[in-house]
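Atoms within each ligand, like the ligands themselves, are counted from 1 in listed order. No experiment lies behind these values; they were computed from the predicted model shown.
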Amino acid sequence: MEVILSGMRPTGNLHLGNYFGALKNYISLQELYNCYFFIADYHLLTTHPNPEDLQQNVKTILCQYIACGLNPEKATIYVQSSVPEVAELYMYLNMLTYVGELQRVAAFKEKVRQNPNNVNAGLLTYPTLMAADILIHKATKVPVGKDQQQHLEMTRDFAERFNKMYKTDYFPLPVGFNFGDDLIKIPSLDGNGKMSKSYGEQATIYLTDEPSVLKKKIMRAKTDSGPTEKNQTKPQEIENLFTLMRSVSKPEVVQQFEDSYNDCTIRYGDMKKQLAEDMEIFIAPIREKIKEISANEEYLKKVVNLGSEKARESASKTIKEVREIIGFKNF
Ligand code: ADP
Ligand code: TRP
């Protein structure tokens, strides 16, 4: 069966963008493929988190993954650092990686601009570690957003280079999972760009938001003074409200507001109130499940153990074979 894999750095609570841009896709993929979904905690070390925060953030994502519907019985859900074979493959791949090609990576250059005082080797070799994540399970499809495409291309380069160097076709060359039109971008509540935890608390809807918080954020979302001509094109911040509504409200409800926008009778206050209600209906079960799972340490331990066992089984097979290909043989 085809192997699908994706990872996420544990940087805090999941938001609506993470849900519709990643989790929802993972949930449908787990029904159809051999899926590996992991928490990229090695990757997080480039930013030097303290041990307590690191542990807490891993737990947060794990609980939220499961609360959203990822099923540890169907997919292999694991924490990257519990599979040390990844670190071994990372080292081997680093021997085939040129410093120049790493320095040219857009995400690396951006980080250097943002944080000129912390340009560590782990940051430079981030793409090699990501390649190790993917190749350790010989994954062929990787559901990632646009910002990760360059990393994925590099994974293909590294796999191809390994295969050429050792005259083998051992590693398959992974490609992005193509969702076609289904890959939606959830907009930020402040009218600017995509929803992202780096754009401020008030503009981001978290899966953990309590009803009052949720309502406040939505009621404060940016709008204009209303349409003045029938059927006029919507400005970005209004289109954003509709996009959010399309993600959680019933189609007939969205249509009702589309119609009132088009005949200039829309009242944004009513639309936001409706959106806040529908958002609460969508988020409430996930939020409550997150609380329930977070309190169940025993269950979490089981999930982590099962995940690392399954992931290590696959990873140790790859490492054993890679060692042989490289020429490390026992006498
Ligand atoms: P953030 O921008 O909050 O740091 P991440 O970069 O950690 O989010 O995103 C993790 C995953 O969620 C990625 O697969 C990304 O494509 C997806 N994602 C994040 N924000 C959005 C969004 N606003 N709309 C759709 N998908 C998103
Ligand atoms: N770099 C990815 C991100 O920031 C996370 C990640 C790490 C990943 N390893 C991966 C994604 C392997 C897909 C496959 O979003």
## Note on the structure
Of Q80, M130, R9, the residue with the heavy atom nearest atom 10 (C) of ligand 2 is M130

### Task
Fit a plane to each ring of Y36 and H137, take the angle between them on a 0 to 90° scale, and name the class: parallel (under 30°), tilted (30 to 60°) or perpendicular (over 60°).
parallel

### Region of Q148 engaging ligand 2 - heavy atom pairs below 4.0 Å
side chain

### Task
Using distance alone, with no hydrogens and no angle criterion, decide if D278 and Q274 have a side-chain donor and acceptor under 3.5 Å apart.
yes

### Message
Heavy-atom contacts with ligand 1 below 4.0 Å: which residues, ordered by chain and residue number?
### Response
M8, H15, G17, N18, G21, A22, G145, I184, K185, I186, K194, M195, S196, K197

### Task
Answer yes or no for K222 and Y268: cation-pi contact, defined as NZ/CZ to six-membered ring centre under 6.0 Å and angle to ring axis within 45°.
no

### Y92 vs E88, side chain to side chain donor-acceptor pair (under 3.5 Å): CA-CA, chis, key distance, verdict
CA-CA 7 Å; Y92 298 149; E88 187 173 339; 2.4 Å; yes

### Query
Going through the distances and angles, do R113 and E110 end up as a salt bridge (charged side-chain N to carboxylate O under 4.0 Å, His left out)?
CA-CA 5 Å; R113 252 194 306 273; E110 182 56 30; 2.9 Å; yes

### Query
Given the rule that I, L, V, M, F, W and Y join up when any side-chain heavy atoms are under 4.5 Å apart, are F38 and L300 in one cluster?
no

### Query
Is the closest basic N to carboxylate O distance between K291 and E210 below 4.0 Å?
yes

### Task
Measure L129 to ligand 2 on non-hydrogen atoms and call it side chain, backbone, both or neither using the 4.0 Å cut-off.
neither

### Summary
Note: V144, heavy atoms under 4.0 Å from ligand 2, region reported as side chain

